[in-house]
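Structure first, then comments.
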Amino acid sequence: MTVIYTGRNLTIEVDAVAYSAQTSSTTVNAQNSATVYQTLTGPKSIMDPTSWELQIVGFQDWDEASSFCDAMVAAATAGDPIPFELALSTGATVTGDIIPAFPPFGGAADSALEFDMTFTVDGTPTYTPGP
């Protein structure tokens, strides 16, 4: 039987701090591409190196205890990669390091203040299956 998971089965930690309460969506995405060369015997496809991204969508939480936005400003100012862990309730995880970025500040008068940030993963993330 297939089990259907939702985003509510995920937890996200960045730099060892849990941010699931502030986020509404989190995904790790592979950016795959190939280059096609025309040879005398026909086309030949070569896989390009895969790059990875961590996308986090959530709510701006400036000046709150354990603020994701404040932490990203500090990390982006320092400029060093920081660790992340995206975990499924089964115990499966994807871990790696991201290049921090500055979050947006502000938004529309009639909406919750949100952010949608895509971080470059430094290297290749590690998938660990659940127990």
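For reference, positions follow the sequence shown, starting with 1.
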> Can you find a heavy atom in the side chain of I82 that is under 4.5 Å from one in the side chain of D80?
Replying inline: no
>> Working to the nearest 0.5 angstrom, can you tell me the gap between Y127 OH and L88 CG?
In response: 8.0 Å
> Can you find a pair of side-chain heavy atoms, one from L54 and one from T118, that are under 4.5 Å apart?
Replying inline: no
> Do the side chain of S20 and the main chain of I12 share a donor and acceptor less than 3.5 angstrom apart?
Replying inline: yes
> Which heavy-atom pair separates P100 from A75 by the least distance, and what is that distance?
Replying inline: CG-O, 3.3 Å
>> Measuring from atom CG of L86 to atom CD of Q55, what distance do you get when rounded to the nearest 0.5 angstrom?
In response: 12.0 Å
> Just checking, is any N or O donor in the side chain of T39 or T41 under 3.5 Å from an acceptor N or O on the other one?
Replying inline: yes
> Between atom CG of D48 and atom CD1 of I46, what is the distance when rounded to the nearest 0.5 Å?
Replying inline: 9.0 Å
> Should the ring pair F68 and F115 be called parallel, tilted or perpendicular, given that the plane angle runs from 0 to 90° and is split at 30 and 60?
Replying inline: parallel
> Going by heavy atoms in the side chains, are L113 and W62 under 4.5 Å from each other?
Replying inline: no
> Rounded to the nearest 0.5 Å, how far apart are CD of E13 and CZ of F84?
Replying inline: 12.0 Å
>> Distance check, rounded to the nearest 0.5 Å: I56 atom CD1 versus Y19 atom OH?
In response: 9.5 Å
> What are the two closest non-hydrogen atoms of M117 and A101, and how far apart are they?
Replying inline: CE-O, 3.4 Å
> Are V14 and I98 side-chain neighbours, meaning at least one heavy-atom pair lies under 4.5 Å?
Replying inline: yes
> Closest approach of P131 and G91, non-hydrogen atoms and distance?
Replying inline: CD-CA, 4.1 Å
>> I'd like to know if the side chain of D70 and the backbone of S67 have a donor-acceptor N/O pair within less than 3.5 Å.
In response: no
> So, N29 versus E53: side-chain donor-acceptor pair below 3.5 Å or not?
Replying inline: no
> Okay, side chain of Q60, backbone of G106: is any donor-acceptor separation there less than 3.5 Å?
Replying inline: yes
>> Do V73 and P103 have side chains that approach each other closer than 4.5 Å (heavy atoms only, starting at C-beta)?
In response: yes
>> I want to check something: taking the side chain as every heavy atom from C-beta on, are S24 and F59 in contact at a cut-off of under 4.5 Å?
In response: yes
> Considering all heavy atoms of both residues, which atom of G123 and which atom of W52 are nearest to each other, and what is their separation?
Replying inline: O-CD1, 3.8 Å
> Nearest heavy-atom pair of F119 and I99: which atoms, and what distance?
Replying inline: CD2-O, 3.4 Å
> Q22 side chain to S66 main-chain N or O, any donor-acceptor pair under 3.5 Å?
Replying inline: yes
